[in-house]
Amino acid sequence: MSHLSAPAVHVTDLFARRGRHPVLHGLSLTVPRGLVVGLIGPSGCGKTTLMRAIVGVQLVQSGEVIVLGRPAGSVSLRNRVGYVTQDASVYDDLTVRQNLKYFRAVIGAPADDVDRVIDATDLGRYAGQLVGSLSGGQRSRVSLAGALLGSPELLVLDEPTVGLDPVLRVEPVGAVPPARRRGHEPARVEPRHGRGRPLRPAPSDAGRRDPRGRHPGRAARLDRDRGRRGRVPEPDPAASVVGRPVAPGHGGPGPVETGPVDRCRADRDRRCAVNPRRTLATAGRVLTQIRHDPRTIVLLLVVPSLLIGLVAWIFSDTPVFDTIGPAMIALFPFIVMFLVTSITTLRERRTGTLERLLSMPLGKGDFILGYTLAFGLLAVLQSAVAVGYAVWVCGLTIAGSVWLLLAVAVADAVLGTTFGLLASAFARTEFQVVQFMPALVFPQILLGGIFLPREQLPDALRIISDWLPLSHAIDALQAVASNSQDTAYIGGELLIIGAWIVGAVVLGSITLRRRTP
């Protein structure tokens, strides 16, 4: 059977767990194309798990999930299926338009698609407003607008009406008319209250009635003139919507060619492929988020210099600062970049935006390299400020090249960035990120030669110190400051730091899974 004649979704004997608890026990269903189908059931019965399996981000134990004729999670489906998570998976520190521009770049939709979905969801008045300042219902509309980008063939909506008032709850699903199939009646759409109570059926002219009681003709003219009235565009007759809470429609498509669910397919497909457009879009999005957060900018660019200045002030009447100053240039930027990067990436993993991105054509390499590139650019600025402040304000004596000192400082800050990306993969809360400081950062500080030259450490500790990347960064900075080693030695230390950076990026990509329990 061709993919065009296959049903939108075909599930056979699906078993899945959420955490340690089984929630789907041999589920089988078929969703024909062109219908609006809903899932109704108590909390914990597996509605979200099923929808996650359909979009290819749920790890299942066994069974078959075929979407638009392809195994769920296939690369070819990632720009054909629109997904709205249960929580509004959008970026609060970006504007509505900036959110949609980023999602558009990931999907590869036309540039004018952003304006189309903004009009369709009636967000024109809020396009330049930060999403974090919007109401819950408005944030849900932004999330829905992101799913409409690229005109997907299948929409999977997890509680799309949460946070909307009763009038607007009818629109997201009710504005998408079910297609009539030969021999079948259209699916019945029954919007329900968030607590399960059915709403009063909307009149046939609900989409034209004005909530403020204005005359329908006058209201339509005013809305048209002001250009603020938008509706969800009608889908292609072959398109389908799967979501909740609406009553399910019934159809009877014939058998479909199916294959076993390959629970590792999404991870294997193009694992090492990197798309420059999506990588740059991710980096630009991260930089835009930082630009909207002045406190993070101060933490990245000002705090390391202030700490270096504090150390210089403490030892202002002694030659100690010339000895430990290069180590401070390595230490403070490394710690700050580690904390900011790990917490920022962890927030992405926890808020649902990462799950949404991984259901799109974004590769794991695009995501990790985008973050590395964005924070790498910030590391250049941070290192330039810190080195300039230490040399020209605090009076740090540099016998070697200042530019070489800057290069090593940048490599050290990027090292902190990649370690933060890696640590975020193993932490579930910000508190757990801080717990990684004693494990990953403190040993490198103690064995890095700041308190005692590494040559004087006990043999076992010296061997361990030789394998720690921060030790090589401190050695390189001290060698440049004293001009005690040639350029080849500095280059060798930079190669070691670079190897650690690449290793951390690769491990971070490996720990990034499209399918999770």
List the atom pairs, donor and acceptor, that lie under 3.5 Å between side-chain atoms in residues 411-419 and the rest of the protein, sequence neighbours left out.
residue, atom, partner, partner atom, Å
Thr417, OG1, Ala413, O, 3.3
Thr418, OG1, Val414, O, 3.3
Thr418, OG1, Leu415, O, 2.9

List the atom pairs, with distances to 0.1 Å, where a side-chain N or O of residues 373-395 and a protein N or O form a donor-acceptor pair under 3.5 Å, not counting sequence neighbours.
residue, atom, partner, partner atom, Å
Gln382, NE2, Leu300, O, 2.9
Ser383, OG, Ala379, O, 2.8
Ser383, OG, Ala409, O, 3.3

Indicate every side-chain donor-acceptor pair of residues 430-446 with a distance under 3.5 Å to a residue at least two apart or in another chain.
residue, atom, partner, partner atom, Å
Glu430, OE1, Arg350, NH1, 3.0
Gln432, OE1, Arg428, N, 2.7
Gln444, OE1, Leu470, N, 3.0
Gln444, NE2, Leu440, O, 2.7

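Legend: side chain to side chain donor-acceptor pair (under 3.5 Å) pairs involving residues 480-496, not counting sequence neighbours, sorted by first then second residue: His472-Glu493, Ser482-Ser484. For residues 445-457, the pairs satisfying salt bridge (Lys or Arg N to Asp or Glu O under 4.0 Å) are Arg454-Asp466, Arg454-Asp475, with sequence neighbours left out. For the salt bridge (Lys or Arg N to Asp or Glu O under 4.0 Å) condition, the pairs that include at least one residue of residues 281-291, sequence neighbours left out, are Arg285-Glu348.
Using a 4.5 Å heavy-atom threshold, the side chains of Phe321 and Ile308 count as touching. Between Met51 and Leu39, the closest side-chain pair of non-hydrogen atoms falls below 4.5 Å. Side-chain contact between Thr48 and Gln58 is absent, with no heavy-atom pair separated by less than 4.5 Å. Side-chain contact between Tyr126 and Val142 is absent, with no heavy-atom pair separated by less than 4.5 Å. Within the 4.5 Å cutoff, the side chain of Leu512 has heavy atoms near those of the Leu354 side chain. Between Leu357 and Phe103, some side-chain heavy-atom pair lies under the 4.5 Å cut-off. Annotation: side chain of Leu396 is in contact with side chain of Pro326 (closest heavy-atom distance under 4.5 Å). Here the side chains of Leu310 and Leu306 are not in contact, with every heavy-atom distance at 4.5 Å or above.
Taken from CD1 in Ile501 to CG in Leu421, the straight-line distance is 11.0 Å, to the nearest 0.5 Å. Atom CG of Leu100 is separated from atom CD of Gln98 by 10.5 Å, given to the nearest 0.5 angstrom. Arg78 CZ to Leu358 CG: the interatomic distance, rounded to the nearest 0.5 Å, is 8.5 Å. Here Arg277 contributes atom CZ and Asn275 contributes atom CG; the two are 5.0 Å apart, rounded to the nearest 0.5 Å. In this structure, Ile107 CD1 and Arg278 CZ are separated by 9.5 Å, a value rounded to the nearest 0.5 Å. The line from CH2 of Trp500 to CG of Leu422 is 10.0 Å long, rounded to the nearest 0.5 Å.
For the pair Lys47 (side chain) and Pro42 (backbone), a donor-acceptor distance under 3.5 Å is present. A donor-acceptor pair is defined here as one N or O able to donate and one able to accept, closer than 3.5 Å; no such pair exists between the side chain of Thr397 and the backbone of Asp322. Looking only at distances, a side-chain donor or acceptor of Ser471 sits under 3.5 Å from a matching main-chain atom of Ser465. Side chain of Arg141 to main chain of Thr121: a donor-acceptor pair is present (N/O by atom type, distance under 3.5 Å, no hydrogens or angles). Between the side chain of Arg52 and the backbone N or O of Val57 there is at least one donor-acceptor pair closer than 3.5 Å. Checked by atom type and distance alone, the side chain of Gln129 never pairs as donor or acceptor with a backbone atom of Leu134 at under 3.5 Å. Under a 3.5 Å cut-off, the side chain of Glu64 and the backbone N or O of Pro71 do not form any donor-acceptor pair. Counting only distance, with no hydrogens or angles, the side chain of Arg80 and the backbone of Glu153 share no donor-acceptor pair below 3.5 Å. Between the side chain of Ser401 and the backbone N or O of Trp403, at least one donor-acceptor pair lies under 3.5 Å. Side chain of Gln456 to backbone of Pro453: no donor-acceptor contact under 3.5 angstrom is found.
Side-chain atoms of Asp366 and Thr282 form no donor-acceptor pair, as typed in the model, at a separation below 3.5 Å. Looking at Tyr91 and Gln289, their side chains never bring a donor and an acceptor atom within 3.5 Å of each other.
Thr85 approaches Gly352 most closely through the heavy-atom pair CG2-O, 4.4 Å. In plain terms, the two heavy atoms of Gln478 and Ala327 that are nearest each other are NE2-CB, 4.3 Å. Of all the heavy atoms in Leu130 and Asp92, the pair that sits closest is CB-O, 4.0 Å. The minimum heavy-atom distance between Pro22 and Arg17, with the atom names listed, is CD-NH1, 3.5 Å. Contact detail for Ile368 and Val505: the closest heavy-atom pair is CG2-CG1, 3.6 Å. Scanning all heavy atoms of the two residues, the minimum distance from Leu148 to Asp113 falls at O-OD2, 4.4 Å.
Taking the side-chain hydrogen bond (donor to acceptor under 3.5 Å, both in side chains) definition, one finds that Thr345 meets it with nothing, sequence neighbours left out. Thr511 meets the side-chain hydrogen bond (donor to acceptor under 3.5 Å, both in side chains) test with no other residue; sequence neighbours excluded. Scanning for side-chain hydrogen bond (donor to acceptor under 3.5 Å, both in side chains) contacts around Ser509 gives an empty result, with sequence neighbours left out. Every residue two or more places apart in sequence or in another chain that forms a side chain to side chain contact (heavy atoms under 4.5 Å, CB included) with Trp313 is listed here: Ser316. Every ring pair (Phe, Tyr, Trp, His ring centres under 6.0 Å) that Phe367 has, sequence neighbours left out, goes to Tyr371. For Thr323, there are no side chain to side chain contact (heavy atoms under 4.5 Å, CB included) partners two or more places apart in sequence or in a different chain.
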When you look at Lys364 and Ile510, which way does the side-chain contact (heavy atoms from CB on, under 4.5 Å) test go after all the steps? CA-CA 8 Å; Lys364 297 190 292 183; Ile510 293 175; over 6 Å; no
Before giving the answer on side-chain contact (heavy atoms from CB on, under 4.5 Å), spell out for Thr288 and Lys101 the whole-Å C-alpha distance, their side-chain angles and the decisive distance to 0.1 Å. CA-CA 12 Å; Thr288 303; Lys101 279 186 174 181; over 6 Å; no
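Summarising the local packing, NE2 of His25 is surrounded by more than 12 heavy atoms from other residues, nucleotides or ligands at distances under 6.0 Å.
When each of Val336, Ile450, Leu307 is tested with Leu331 by the rule side-chain contact (heavy atoms from CB on, under 4.5 Å), just one qualifies, namely Ile450.
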